[in-house]
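A, B, ... follow the sequence lines: proteins, then strands. Residue 1 opens every chain.
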There are 2 protein chains.
Amino acid sequence: MRSAKQVFPYLSPMDHKRATIRDIASALKLSPSTVSKALRDHPNIGIVTRERVKKLAKELHYVPNQTAIRFKQQKSYTLGIVIPNMLDHFYVAAVEGFEKFAYDHGYQVLIGQSHESLQREKELLLTMQSNRVDGLVIAISRETTDTSHINEVVYSGIPVVYFIRKPINEELHCVCSDVYTGAVDAISYFVSRGHKRIGFINASSYWTTSRDRFLGYRDGLIQHGIPFDKSLVQESDFSQESNYQAIRRLMQLDDPATAVLTFKDQVMLDALNCLRFEFASIAPAVELIGYGANPMIQYLEHPPLASLKEQPYEIGQKSGLLLLDLVNHPQTEYAPQLVKFPCNLHVFTSHKQR
Amino acid sequence: MRSAKQVFPYLSPMDHKRATIRDIASALKLSPSTVSKALRDHPNIGIVTRERVKKLAKELHYVPNQTAIRFKQQKSYTLGIVIPNMLDHFYVAAVEGFEKFAYDHGYQVLIGQSHESLQREKELLLTMQSNRVDGLVIAISRETTDTSHINEVVYSGIPVVYFIRKPINEELHCVCSDVYTGAVDAISYFVSRGHKRIGFINASSYWTTSRDRFLGYRDGLIQHGIPFDKSLVQESDFSQESNYQAIRRLMQLDDPATAVLTFKDQVMLDALNCLRFEFASIAPAVELIGYGANPMIQYLEHPPLASLKEQPYEIGQKSGLLLLDLVNHPQTEYAPQLVKFPCNLHVFTSHKQR
DNA sequence: TTGTAAGCGTTATCAC
DNA sequence: GTGATAACGCTTACAA
């Protein structure tokens with residue numbers, strides 16, 4: 001067994017050229033094509049030759065050169081995934097689902113983070129094209145109101161699937177959460193607990209995921225005969241300051257909110273802290289519901305009322321499935337699908353026990 | 001502006017072949033080499049030609065084919081990073097630092113997650129080699145007690161840098177946290193608050209990062225004249241059940257711990273919950289310190305005493321720097337460096353105010 | 001069952 | 001200032 005000591009200083013490619021199919025071929029007095037076939041168990045290579053080839057390949061530490069294969073095959077066996085941020089568990093879970101699916105089908109994954117910047121998103125898409133990814137899924141950035149850069153990718157022959165966030169009026173496959181129904185359920189639950197002043201902290205954007213949350217909020221109220229009040233709807237950009245501002249406004253109304261639905265758990269957590277620090281007297285009476293069912297909530301002594309549990313892993317997987325289907329059937333016309341995964345209201349234990 | 005509608009069904013490569021340097025060359029009645037040089041602002045191409053080329057390139061939506069460039073240059077312009085897990089903020093932050101450095105130097109990043117499996121780690125390294133990454137940083141999995149697969153990579157000419165976790169007795173560059181000093185500081189702080197029964201929940205492993213925490217814990221005690229007591233040291237595999245078990249054992253001793261240092265914040269959070277649910281009477285008196293300064297702690301009403309704030313982003317950056325140096329100077333002999341970033345004790349506000 | 005040769009897109013070298 | 005040619009490692013018709 002070679003130890004680290006022995007390999008110092010590590011051998012540069014000059015000292016130790018990586019073995020190629022040619023090297024194996026000439027050593028064995030075979031042709032490169034025979035070696036190539038033997039290594040891949042091609043049926044019309046004799047068993048003896050095949051074994052000889054494999055044995056030597058192992059001895060020479062032959063590792064197939066993917067960069068050459070990709071180039072030759074005009075296929076990168078790589079799928080791209082563009083997300084806003086890896087610090088958000090939700091996106092990480094989605095990436096995991098996507099990655100698992102991709103790996104299981106022989107594809108690699110190139111991850112890009114837009115950090116909510118349109119500029120960065122455009123650069124990422126160029127990189128993806130330049131790397132000739134075979135397909136791409138994307139959760140658009142907050143700044144993405146124009147999608148010409150995405151259409152450019154589609155036009156260049158790379159299939160694209162939206163996931164989690166989709167621009168309004170764009171028609172490509174999309175996999176996301178059924179946030180509408182989730183919002184309706186949340187409102188119903190609030191109403192069942194006697195709330196009438198129900199606030200909503202949304203994200204300002206071009207995404208359907210914001211619009212649908214809003215529609216669910218509004219329809220939920222209407223279904224229970226509660227008039228819609230514009231002043232109960234606030235927007236946040238997810239920064240702590242912005243989250244604090246939004247909850248403050250809802251608390252400082254003449255008739256303040258007694259319950260608040262938030263765009264996601266991170267917003268809810270900040271709201272919870274703001275209530276605790278700045279509105280201590282009324283804080284315990286204010287009930288909150290977010291989206292995401294962040295596992296960290298289990299560590300809170302006074303958890304929020306509930307959270308809408310989404311299925312990011314499954315969303316990632318399903319996006320991968322739709323994408324690979326497009327990759328493998330490039331010329332087929334298709335009707336863009338909109339796949340929605342349910343958001344289930346997850347009520348935290350301490351509230352259930354009341 | 002092309003709209004999504006117009007591109008439906010999306011054009012397959014057959015309908016719309018991607019432009020190559022050859023296409024541009026023949027359209028302009030130039031040679032491919034001239035076009036290639038023009039696109040890269042090579043000095044001995046006339047300004048007129050250059051502009052003509054660039055104009056047409058834009059019109060044809062020419063995007064350089066990285067797969068061809070990589071192949072031609074025998075360089076992938078890709079760096080690999082292998083981590084156990086992306087669900088851990090700490091590693092995500094490290095990846096971010098590494099990625100930023102890599103991108104700024106014209107490299108892409110291929111991320112691999114071992115999920116603490118040696119088998120998976122080996123597969124990842126093969127993939128990395130197969131993709132001819134120009135270099136690799138790795139935080140080894142929990143199961144990695146033998147490093148021959150890593151030496152194999154080094155031997156094949158790909159420089160490797162360890163980060164965060166390093167096997168004992170392996171000599172390559174390594175960038176990690178100064179967990180030893182962190183542990184000593186934590187113990188000193190515990191002692192200054194009157195603790196004498198100080199427990200420690202460590203990770204069982206072959207990593208220096210476990211050994212160093214332990215040595216810091218032990219030396220910290222010794223420095224304050226507190227005898228080392230083996231029963232105060234427990235091990236955990238980071239699962240919730242394992243974390244609960246570990247803290248339970250420390251609480252059920254004849255002379256229980258009154259303070260506990262944990263391998264990382266996740267362990268501390270579970271310990272906190274376990275204390276709250278199962279040892280409510282003594283819980284408030286037990287003080288905890290973890291590693292990581294997880295931002296979620298700010299949402300706890302009764303936060304732990306403190307956390308050792310590490311610098312994962314900087315660790316990622318520095319690993320990138322050392323790695324690129326190796327990539328760019330392949331034949332230089334080098335003495336393996338061990339770079340340590342400080343762990344600073346971060347005391348949570350509610351305790352400061354006591 | 002094995003061998004030959006062409007070609008994927010780009011760039012480096014050298015010639016003009 | 002521009003062009004011709006070879007080469008990177010591999011796969012795949014097609015030929016033997």
Side-chain angles (χ1 to χ4, degrees), chain A residues 13-14 17-54 56-57 60-78 106 129-134 156-157, chain B residues 13-14 17-54 56-57 60-78 106 129-134 156-157:
Chain A
M14 275 182 170
K17 204 156 173 315
R18 283 186 265 252
T20 71
I21 278 189
R22 262 201 169 72
D23 298 331
I24 299 176
S26 58
L28 258 35
K29 300 205 194 302
L30 288 169
S31 80
S33 60
T34 306
V35 174
S36 170
K37 286 173 194 151
L39 287 171
R40 286 172 302 134
D41 294 317
H42 193 285
N44 55 16
I45 295 295
I47 178 98
V48 187
T49 312
R50 196 191 317 174
E51 289 312 317
R52 283 210 311 147
V53 168
K54 289 196 173 178
L56 185 61
L60 297 180
H61 300 101
Y62 170 78
V63 179
N65 185 338
Q66 280 299 333
T67 69
I69 294 172
R70 270 199 257 284
F71 175 52
K72 164 69 182 162
Q73 310 281 55
Q74 296 290 86
K75 195 160 165 20
S76 67
Y77 299 101
T78 299
Q129 285 186 76
S130 202
N131 281 287
R132 298 292 190 266
V133 293
D134 297 322
S156 83
Chain B
M14 275 183 170
K17 204 154 173 319
R18 283 187 266 253
T20 71
I21 278 190
R22 262 200 170 71
D23 298 332
I24 299 175
S26 58
L28 259 34
K29 301 201 192 302
L30 288 170
S31 79
S33 51
T34 306
V35 173
S36 170
K37 285 172 194 150
L39 286 171
R40 286 172 301 136
D41 294 317
H42 193 284
N44 54 17
I45 295 296
I47 177 100
V48 188
T49 312
R50 195 190 322 177
E51 289 313 315
R52 284 208 312 147
V53 168
K54 289 197 172 178
L56 186 61
L60 297 180
H61 300 102
Y62 170 78
V63 179
N65 186 338
Q66 282 298 334
T67 69
I69 294 173
R70 270 199 255 284
F71 175 52
K72 163 69 181 160
Q73 309 282 51
Q74 296 290 85
K75 195 161 168 16
S76 67
Y77 298 102
T78 300
Q129 285 185 77
S130 202
N131 281 285
R132 298 293 191 265
V133 294
D134 298 323
S156 83

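Rounded to a whole Å, the CD atom of A:Gln73 is 12 Å from the P atom of D:dC10. Protein atom CG of A:Asn131 is 16 Å distant from nucleotide atom P of C:dG9, rounded to whole Å. If you take CZ of B:Arg18 and C1' of C:dC8, they are 13 Å apart, rounded to a whole angstrom. Nucleotide C:dA12 holds its C1' atom 13 Å from the CD1 atom of B:Ile45, rounded to whole Å. Look at CG on B:Asp23: it is 11 Å from P on C:dC8, rounded to the nearest Å. Atom CD1 in A:Ile69 sits about 18 Å away from atom P in C:dC8, given to the nearest Å. When rounded to the nearest whole Å, the span between CD of A:Gln66 and C1' of D:dC8 equals 16 Å. Whole-Å rounding puts the A:Lys72 NZ to C:dA5 P distance at 16 Å.
Nucleic acid contact class of B:Thr34 (heavy atoms, under 4.0 Å, all strands): base. Looking at heavy-atom distances under 4.0 Å, A:Thr67 makes no contact with the nucleic acid at all. In this structure, A:Asn65 reaches the sugar-phosphate backbone alone: every heavy-atom distance under 4.0 Å involves primed, P, OP1 or OP2 atoms, never a base.
Contact annotation: the side chain of A:Leu39 never approaches that of A:Pro64 to less than 4.5 Å [non-hydrogen atoms, C-beta and beyond].
With distances taken from any side-chain atom of A:Ser31 to the nucleotides C:dT4, D:dC10, C:dG9, the minimum falls on C:dT4. Side-chain proximity of B:Tyr62 to C:dT11, C:dT1, C:dT10: nearest is C:dT10.
Nearest-nucleotide positions on DNA chain C place A:Lys29 closer to the 5' end than the other of A:Lys29 and B:Ser36. Between A:Ile47 and B:Arg22, it is A:Ile47 whose nearest contact on DNA chain C lies nearer the 5' terminus.
In the interface, the side chain of B:Ser33 is paired with the base of D:dA4 through a donor and an acceptor atom under 3.5 Å apart. In terms of polar N and O atoms assigned as donor or acceptor, the side chain of A:Lys37 comes within less than 3.5 Å of the base of C:dG3 in a complementary pairing.
A stacking contact between B:Phe71 and C:dT10 is absent: the pair does not combine a ring-centre distance of less than 5.5 Å to the base's six-membered ring with planes differing by less than 30°.
Under a 3.5 Å cut-off, the side chain of A:Arg18 and the backbone N or O of B:Ser156 do form a donor-acceptor pair. Between the side chain of B:Ser130 and the main chain of A:Val63, no donor-acceptor pair closer than 3.5 Å is present.
Residue A:Gln74 places at least one side-chain N or O closer than 4.0 Å to OP1 or OP2 of C:dG9. For the OP1/OP2 pair of D:dT12 and a distance below 4.0 Å, the side-chain nitrogens and oxygens of A:Arg40 include at least one atom meeting the criterion.
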**Prompt:** Under the side chain to side chain contact (heavy atoms under 4.5 Å, CB included) criterion, do B:Ile24 and B:Val53 qualify, and how do the steps go?
**Reply:** CA-CA 7 Å; B:Ile24 299 175; B:Val53 168; 4.3 Å; yes

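Looking at B:Asp134 and B:Arg70, no side-chain N of the basic residue comes within less than 4.0 Å of a carboxylate O on the acidic one, giving no salt bridge.
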